[in-house]
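One structure is given below, encoded as structure tokens.
Order of the sequence lines fixes the chain letters, A, B, ..., with proteins taken first and strands second; residue numbering starts at 1 for each chain. Nothing here was measured: the structure is a model prediction, and the numbers come from that model.
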Number of protein chains: 2
Amino acid sequence: MARITLEHVAQKAGVSIKTVSRVLNAEPNVSEETTARVRQAIAELNYVPNSAARSLSSGKAMSVGLVVGWPVNSPYSSTLIEQTLKECTRHGYSLALFSVEVEDAITRRIIDAYLGRQMDGVILDTRAAQDDELMSQLDALNVPQIIIHPDRRRVAAKASYVQIDNHLGAWQAVNYLIQLGHRRIGCISYDSSLTQETDRIAGYGQALADAGLPFREDRTMRKAGLPFRVGFSGAVELLTAQPDLTALFAGTDEIAMGVLAAIWNLGLRVPDDVSVVGFDDISYASMIAPPLTTIHQPIDEIAAIAVKHLIETVDDPDRAPIDLVMPTSLVIRKSCRALKLDVSQ
Amino acid sequence: MARITLEHVAQKAGVSIKTVSRVLNAEPNVSEETTARVRQAIAELNYVPNSAARSLSSGKAMSVGLVVGWPVNSPYSSTLIEQTLKECTRHGYSLALFSVEVEDAITRRIIDAYLGRQMDGVILDTRAAQDDELMSQLDALNVPQIIIHPDRRRVAAKASYVQIDNHLGAWQAVNYLIQLGHRRIGCISYDSSLTQETDRIAGYGQALADAGLPFREDRTMRKAGLPFRVGFSGAVELLTAQPDLTALFAGTDEIAMGVLAAIWNLGLRVPDDVSVVGFDDISYASMIAPPLTTIHQPIDEIAAIAVKHLIETVDDPDRAPIDLVMPTSLVIRKSCRALKLDVSQ
DNA sequence: AAATGCATTGACAGCGCTGTCAATAGTTGT
DNA sequence: ACAACTATTGACAGCGCTGTCAATGCATTT
């Protein structure tokens, strides 16, 4: 299978390779007839431009990096990857994937990928942007970057951000429970200093405060470990110590899944005995039983914006950085019940 | 930031660019002193070779494609992606990801990626290799390929395979239940014509037969839909119609998770009232409550072999194809109990 | 009719590397 | 001491594309 090049197409269409190149890149100033002739030749020869030659010549890798901040096989990360991949493809870019979890020497790997012109810029997710060594090297090279769910702003560097308001999201979740008539609401989350976690807990507290309810430390479980375990053991402890809790707010949907298992294990039912709200709206949330009421974060939109802005920044380094907060929304499914309406108890 | 090239390194080390290239590629016939000098220069200049130039010049993309056969955010796919990525990185290759789920014109996209020299070969997972259009085009171009979990052999083409024995795996699972004393065992799986699913059901039947137990169609649920739902509704139906079942074999771990939820919802307990075995050993399996006894399939090894063999085939097109069956193993956790030992009932 | 402008096209020089082949130096054999 | 070899190194030609700039043709202007 001899490789088809511009040369072949040009010959077939009876034009110069530069003209074929123009048609390929939709550059102006090519007559319609010529364009048609070239397109025909391209189609007939089934020509696809050599991406390496393109990159070398243009100096653009046509690829963006994504550094995920959690295990690749977590629901959140894999959805982010899926959406980012989709957006890259749409823009004609390819995606270079990196994971802080699996790779040693991750900083080296990412920097080398940039230096080796394998990517034009990088999207950093949550914990990926926590790596000071990585960030300072990225800055030193002035690598176009956008951070998803930043834990903090980076004063020195010219970075862009896309995030959600975790505080508000948690507030929406807990406020919903309060509206349903719940008064004794527990909270289960990670024992982490990430603002993502602390904000969600703070939002829980805020919702309580706004309703004139007390924030009780003994109703707030902060546990370290695997998400499901955190939810399971957290719920067991909380419900054993305080059987009068009628609702539980879980810091993530994965935690919520552990919470559900715990509730069942205690011989209780969801939502009959205990209502549960999660956070993130991972794909499982709608699939499990009962379908989980949760706070949706628009990963698809976040990915779309991140990719679009990053590419724009690559094309125009003077592009102004962005700092967007995407809206979260309450998705009501079947894991909560209204207390007041239940006259049978 | 001026880009560092071979030229700069060569100048600094006082050699020709070709010699630097030799050191870079570990080619023979470079004296130790020269090598040291060049390495020093590379380190000092923080030089990283331009991958596009490399690809263009060598004609190798140094990249392999992975076409996943399930949603990217499924536990199986995301783990496969993670492991494949790891192996590619280890070999100095990059990974180009494709998903049959999200992408329209997937065939076109993959073929173009190959034609555009963005990848040297492709790994096809399960359903990805079911696409006749894609496969025939891949064959026409003689694209190096390896198929993970093939549904069938492809007589015409020179393809390699890595798979597991689904029949045996299911047999291991069900035989374990039988050894524990279970006699009335249900099976819940997808209503699919994929051999992956039919083999697992057949393995279930075989284990029963080998123990002299009857295979009963009314104990075998085949349902279409989302994994969790399949498990949930399948288990509800099965256990409602036949409350005397003491164990359930789920076709996948995701199905098993739905089964667990269903059992709890029916007011029963795992493993006290019903034992459950899954298949796949997804990362969740060990995290949930109770930790799921399941059949492990070595995705890490499968990915390692697939990547290694594919790269070898790329480097040597005459490399003999492989057709490997990787061993599955029973992972005993906490979702099954021994019936005979339970004297209290 | 000459001058000007614009749309269209092509020639050609790289981009940064690898592959080929020639050149050089050092070593061994006779 | 000279031929024959081997180890080491470099010169140079591409790989297939894009960017720059010049050339051409034609319509418009004065």
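- In terms of position along DNA chain D, the nucleotide closest to B/N29 lies nearer the 5' end than the nucleotide closest to the other residue of the pair A/V20 and B/N29.
- Cation-pi geometry between B/R3 and A/Y114 is met: under 6.0 angstrom from the ring centre, within 45 degrees of the axis.
- Contacts classified as salt bridge (charged side-chain N to carboxylate O under 4.0 Å, His left out) and involving residues 32-46 of chain A (residues at least two apart or in different chains) are given here: A/K12-A/E44.
- Side chains of A/T126 and A/H149: no donor on one and acceptor on the other come within 3.5 Å.
- Among residues two or more places apart in sequence or in another chain, the side-chain contact (heavy atoms from CB on, under 4.5 Å) test is passed with B/S283 by A/N73.
- Within the 4.0 angstrom heavy-atom criterion, only backbone atoms of the sugar-phosphate kind lie near A/P49; the bases stay farther away.
- Looking at residues two or more places apart in sequence or on another chain, you find a side-chain contact (heavy atoms from CB on, under 4.5 Å) between A/P150 and A/I147, A/R153, A/Y161, A/Q163.
- Partners of A/N142 under the side-chain contact (heavy atoms from CB on, under 4.5 Å) rule, at least two apart in sequence or in another chain, do not exist in this structure.
- Side-chain contact annotation: A/E133 with A/Q137, donor-acceptor N/O pair under 3.5 Å present.
- A residue-by-residue look at A/R22 and B/Y47 shows that A/R22 has its nearest nucleotide of DNA chain C further toward the 5' end.
- Backbone-only engagement by B/N50 is indicated by non-hydrogen atom pairs under 4.0 Å involving sugar-phosphate atoms exclusively.
- First and last contacting nucleotides of DNA chain C toward chain A (any atom under 4.0 angstrom from a heavy atom, 5' to 3' order): C/dA7 to C/dG16.
- Map B/G14 and A/R54 each onto its nearest nucleotide of DNA chain D; the residue landing nearer the 5' end is B/G14.
- Within residues 34-45 of chain B, no residue has any heavy atom closer than 4.0 Å to DNA chain C.
- Interatomic distance, B/L66 CG to B/I148 CD1, rounded to the nearest 0.5 Å: 6.5 Å.
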